[in-house]
Amino acid sequence: MTHTLTWFGHATLGLETGGAHLLVDPFFSGNPAARVRAEQVSPEFILVTHGHGDHVGDTVAIARRSGAMVIANYEICNWLGRQGVETTHPQHLGGGHQYPFGYVKMTQALHGSSLPDGSYGGNPAGFLLTLLDGRKIYLAGDTGLFGDMRLIGEEGIDLAVLPIGDNFTMGPEDALRAVRLLAPKQVIPIHYSTWDLIRQDAQVWAERVQQATGVQVHVLSPGGSLQF
Ligand code: NI
Ligand code: MN
């Protein structure tokens, strides 16, 4: 079973797995790195890690048009319902649920989660996906480093998607420590170089991580994909 993970720039990801199309944090409008417009994507599922505008992004418009089910925390799902999104599945930290494409567990993240209109967005989160063939993808979301990444790593992660931009999330140093705690087979860095404030040289980081940990790092260009 082959899965395709696409990075649309910033923290926006697409995942094709077993015939299902997922979007994570679909931020296209106003995303200087995005090469695709929100009108061009039609997922069946949208995962939202937290309430910030660069993550909720175009969720309302895409979900209303495509009918996609949005998976997010309870507070964000309630807010989306008030914006006219009909199908949501609320989860919360530590809880998992089986969907047609796999099992999704909501993990903690050290960050904020207020929604674009200032509404309370609950706690920020990451997601641990167990796909139908058993392979696991950890999407850290926006987060600082935390020691319990070790517990997440105990599950055996095939692919970890980590922020490295610094300022709002882990920077390169802490992201390297995160790789040590998580011990994934492969890593993709995200949430960098969208704006000058979070500019990073991902290629340099990738070489450092590979030398220090032996973990394979894939530096994608916006629009680029990894098949695994
Ligand atoms: Ni954020
Ligand atoms: Mn962010």
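Atoms within a ligand are numbered from 1 in the order they appear, just like the ligands themselves. Since the model is a prediction, treat every value here as computed from it, not as a measurement.
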I'd like to know: is the Mn ion (ligand 2) within the 2.8 Å range of an N/O/S atom from Asp25, strictly under that distance? no
Got a salt bridge between Lys105 and Glu155, using NZ or NE/NH1/NH2 to carboxylate O under 4.0 Å? yes
If we ignore angles and hydrogens, is there a donor and acceptor under 3.5 Å between the side chains of Glu75 and His92? yes
Carboxylate-amine/guanidinium contact Lys185 Asp158, below 4.0 Å: yes
Does a donor on one side chain sit under 3.5 Å from an acceptor on the other, for His111 and Asn123? no
Heavy-atom count around Arg199 CZ within 6.0 Å, excluding the residue itself: above 12? yes
For the Ni ion (ligand 1), which N, O or S atom of His50 is at the shortest distance? NE2
Measure from the Mn ion (ligand 2) to each N, O or S atom of His50 and report whether any distance is below 2.8 Å. no
For the CZ atom on Arg35, are there more than 12 heavy atoms of other groups (residues, nucleotides or ligands in this structure) within a distance under 6.0 Å? yes
The Mn ion (ligand 2) to nearest N/O/S of His191 below 2.8 Å: yes
In Asp54, what N, O or S atom is nearest to the Mn ion (ligand 2), if we give its atom name? OD2
From the N, O or S atoms in His111, identify the one nearest to the Ni ion (ligand 1). NE2
Relative to the Mn ion (ligand 2), which of the N, O or S atoms in Asp142 is the closest? OD2
Tell me whether Glu39 at atom CD has more than 12 heavy atoms from other residues, nucleotides or ligands lying less than 6.0 Å away. yes
Assess His52: does it contribute an N, O or S atom lying under 2.8 Å from the Ni ion (ligand 1)? yes
Is the distance between the Ni ion (ligand 1) and the nearest N/O/S atom of Asp142 smaller than 2.8 Å? yes
